[in-house]
Amino acid sequence: MQGAKIRLGQIGKAIHRADGKVLDNGDVVEGIVLLRKGANSDSTLDAIHDKVQELNEHILPPGVKVVPFLDRSDLVHLTTHTVLHNLTEGILLVATSPSCFWGMRAARSSWR
């Protein structure tokens, strides 16, 4: 359930530059987006980027836009890639190590 919508112009005045920075005074609207525990980070980040784009292009009035201050998408993707890479290397190491030892054992038994 949503309450009444309040626009920045109803509670204060600000000059918005083309790059998204607010001039005139220190009043800035700030928001934080949190990822729920166990949620899929890739799909959540994609949905957030889509929503910000929709807000900037269709919903917000001209001259007002949402500008991400800190976007951790790259950090999440790099971390996910690193974990998958290390997991793959671990699986290959565990899978190939016994075969090396079996090969050495077979070579030793054939010398006798």
Side-chain angles (χ1 to χ4, degrees):
M1 182 171 170
Q2 292 181 346
K5 293 182 180 178
I6 299 174
R7 299 203 179 262
L8 181 60
Q10 295 172 314
I11 57 174
K13 294 282 183 188
I15 299 171
H16 298 272
R17 294 187 350 187
D19 62 359
K21 293 184 179 178
V22 180
L23 302 176
D24 192 24
N25 59 27
D27 293 336
V28 177
V29 178
E30 183 177 328
I32 298 174
V33 178
L34 300 174
L35 181 65
R36 289 185 177 174
K37 184 177 180 180
N40 184 348
S41 59
D42 288 334
S43 62
T44 302
L45 289 170
D46 290 341
I48 291 169
H49 290 136
D50 292 343
K51 183 53 83 172
V52 167
Q53 184 177 0
E54 179 186 346
L55 284 168
N56 287 335
E57 293 177 0
H58 303 292
I59 297 174
L60 293 173
V64 178
K65 67 180 184 175
V66 176
V67 179
F69 178 72
L70 178 63
D71 188 355
R72 296 195 174 177
S73 300
D74 293 335
L75 175 65
V76 170
H77 290 146
L78 181 63
T79 304
T80 304
H81 172 74
T82 302
V83 168
L84 290 176
H85 177 75
N86 291 343
L87 186 62
T88 303
E89 282 185 352
I91 290 172
L92 291 174
L93 184 63
V94 168
T96 57
S97 294
S99 62
C100 291
F101 291 117
W102 292 332
M104 289 172 52
R105 184 175 178 182
R108 280 183 44 196
S109 65
S110 66
W111 285 354
R112 290 185 182 175

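Scope of the values below: all heavy atoms of this structure, side chains included, with no hydrogens, waters or symmetry mates.
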Share the residues that join L84 in a hydrophobic cluster, the rule being Ile, Leu, Val, Met, Phe, Trp or Tyr side chains under 4.5 Å apart at the heavy-atom level.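 When side chains under 4.5 Å apart are linked, L84 ends up in no cluster with other residues.
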Apply the hydrophobic cluster definition, ILVMFWY joined by side-chain contacts under 4.5 Å directly or through others, and give me every member besides V76. L45
Got more than 12 heavy atoms from elsewhere within 6.0 Å of CD1, I32? no
Can you name the residues that form a side chain to side chain contact (heavy atoms under 4.5 Å, CB included) with P61, not counting sequence neighbours?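 Side chain to side chain contact (heavy atoms under 4.5 Å, CB included) check on P61 returns R7, V64.
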Contacts of type side chain to side chain contact (heavy atoms under 4.5 Å, CB included), residue E54, not counting sequence neighbours: K51, H58, I59
Residues forming a side chain to side chain donor-acceptor pair (under 3.5 Å) with [X], sequence neighbours excluded:
X	value
T44	none
H85	E89
D46	none

For a quick test of your reading: what N or O donor-acceptor pairs under 3.5 Å do the side chains of residues 33-42 make, sequence neighbours left out?
unit_1	atom_1	unit_2	atom_2	d
N40	OD1	D42	N	3.2
D42	OD1	H77	NE2	3.1

Compare every heavy atom of L60 with every heavy atom of K65, then report the nearest pair and how far apart it is.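 Of all heavy-atom pairs spanning K65 and L60, the closest is CA-CD1, 3.6 Å.
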My understanding is that only one of L92, N86, I91 makes a side chain to side chain contact (heavy atoms under 4.5 Å, CB included) with T88; could you say which?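 Between T88 and the candidates, side chain to side chain contact (heavy atoms under 4.5 Å, CB included) is satisfied uniquely by L92.
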